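Beneath this line is the structure, given in structure tokens, with notes to follow.
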Amino acid sequence: ETGVTQTPRHLVMGMTNKKSLKCEQHLGHNAMYWYKQSAKKPLELMFVYNFKEQTENNSVPSRFSPECPNSSHLFLHLHTLQPEDSALYLCASSLRDFSYNEQFFGPGTRLTVL
Amino acid sequence: AQSVSQHNHHVILSEAASLELGCNYSYGGTVNLFWYVQYPGQHLQLLLKYFSGDPLVKGIKGFEAEFIKSKFSFNLRKPSVQWSDTAEYFCAVNGMGYGGSQGNLIFGKGTKLSVKP
């Protein structure tokens with residue numbers, strides 16, 4: 001266990017559904033991240049939050065909507081997704097939004113879009 | 001665009017064999033370098049990191065990596081692998097001052113290591 005939990009671990013949804021992914025960290029960190037891990041592709045950074053403020057949106061389509069109500073919780077709201085959005089979505093946290101801070105990863109949510 | 005290349009997609013070794021996984025990055029400035037490992041069914045975890053100082057970095061479980069600035073490389077090594085090292089290994093780079101906020105990591109595609117008992 002890294003102190004970063006993600007729910008659900010698996011999610012199957014249709015293209016018209018709305019669902020949310022949840023991430024929680026128990027490490028006292030102030031920065032949180034969403035990554036997308038697709039087969040045979042590098043891990044892709046999606047969003048970065050530092051002290052609840054979004055500091056990075058890596059050209060992510062608007063059908064992905066992040067929310068960070070506090071430094072311990074991060075959500076990814078999903079709506080009208082496409083089959084190519086099927087992937088493992090990883091959450092990570094670090095002490096602050098600095099390059100020398102180690103990022104701690106959660107176990108991921110395996111998303112399948114039908 | 002900045003990128004990270006990992007030369008091998010899948011490496012198969014017998015126990016006690018030596019390991020070297022290649023990692024090259026494209027960025028001309030100051031970099032911080034990381035190797036992460038993902039064991040089957042487990043989360044990504046940090047194996048080792050380089051920020052400055054001695055370019056030979058030692059990590060957990062007997063792994064080490066050498067930063068060669070002139071070659072833009074950060075290869076991972078282990079003298080004698082064990083079956084329990086079977087995992088996927090990811091090289092990641094953070095270039096100071098690029099990619100938006102400084103916390104951003106650029107990952108390679110990963111190398112799967114299978115160690116035969």
Side-chain angles (χ1 to χ4, degrees), chain A residues 1-6 9-10 23-25 27 29-51 53-60 68 71 74 87-110, chain B residues 1-10 23-27 29-53 57 59-60 67 87-112:
Chain A
E1 290 295 327
T2 61
V4 181
T5 59
Q6 291 186 243
R9 294 293 305 274
H10 300 272
C23 175
E24 184 173 0
Q25 58 94 2
L27 300 168
H29 290 167
N30 297 298
M32 297 188 77
Y33 311 77
W34 278 117
Y35 287 88
K36 178 182 179 182
Q37 187 175 27
S38 304
K40 299 184 180 180
K41 292 178 71 175
L43 207 62
E44 301 171 62
L45 179 69
M46 299 175 72
F47 301 102
V48 181
Y49 278 82
N50 195 36
F51 291 94
E53 298 297 321
Q54 187 179 121
T55 56
E56 183 75 15
N57 177 338
N58 198 19
S59 303
V60 180
C68 189
S71 292
L74 184 65
L88 182 68
Y89 288 85
L90 294 173
C91 175
S93 71
S94 64
L95 186 58
R96 290 193 68 175
D97 183 19
F98 290 150
S99 61
Y100 47 80
N101 286 153
E102 174 186 351
Q103 293 185 20
F104 291 78
F105 286 82
T109 294
R110 174 70 63 186
Chain B
Q2 289 76 19
S3 64
V4 176
S5 297
Q6 291 186 240
H7 311 306
N8 306 101
H9 177 62
H10 192 185
C23 172
N24 286 90
Y25 62 93
S26 63
Y27 182 67
T30 302
V31 291
N32 296 324
L33 300 155
F34 306 80
W35 276 98
Y36 280 84
V37 61
Q38 189 170 29
Y39 297 101
Q42 296 190 27
H43 55 268
L44 267 171
Q45 55 187 288
L46 185 69
L47 200 56
L48 49 79
K49 59 188 177 185
Y50 171 81
F51 294 147
S52 63
V57 180
I60 60 172
F67 170 49
E88 191 158 14
Y89 293 81
F90 296 88
C91 180
V93 173
N94 176 282
M96 299 298 291
Y98 84 90
S101 63
Q102 294 182 355
N104 299 357
L105 291 177
I106 307 297
F107 281 84
K109 289 186 179 181
T111 298
K112 284 188 180 177

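Each chain gets a letter, A, B and so on, in the order the sequences are listed, and its residues count up from 1. Quick caveat: nothing in here was measured; it's all calculated off a predicted structure. All heavy atoms count here, side chains included; hydrogens, waters and symmetry mates do not.
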Check step by step if side chain to side chain contact (heavy atoms under 4.5 Å, CB included) holds for B:Ile106 and A:Leu43.
-> CA-CA 8 Å; B:Ile106 307 297; A:Leu43 207 62; over 6 Å; no
Candidate pair A:Tyr35 and B:Leu105, rule side chain to side chain contact (heavy atoms under 4.5 Å, CB included), full reasoning = CA-CA 10 Å; A:Tyr35 287 88; B:Leu105 291 177; 4.0 Å; yes
Would B:Gln38 and A:Gln37 count as a side chain to side chain contact (heavy atoms under 4.5 Å, CB included) if you check the C-alpha gap in whole Å, the side-chain angles of each, and the deciding distance to 0.1 Å?
-> CA-CA 12 Å; B:Gln38 189 170 29; A:Gln37 187 175 27; 3.5 Å; yes
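Distance check, rounded to the nearest 0.5 Å: CD of A:Glu102 to NZ of B:Lys49 gives 5.5 Å.
Using modelled atom types, one side-chain atom of B:Tyr36 and one backbone atom of A:Gln103 make a donor-acceptor pair closer than 3.5 Å.
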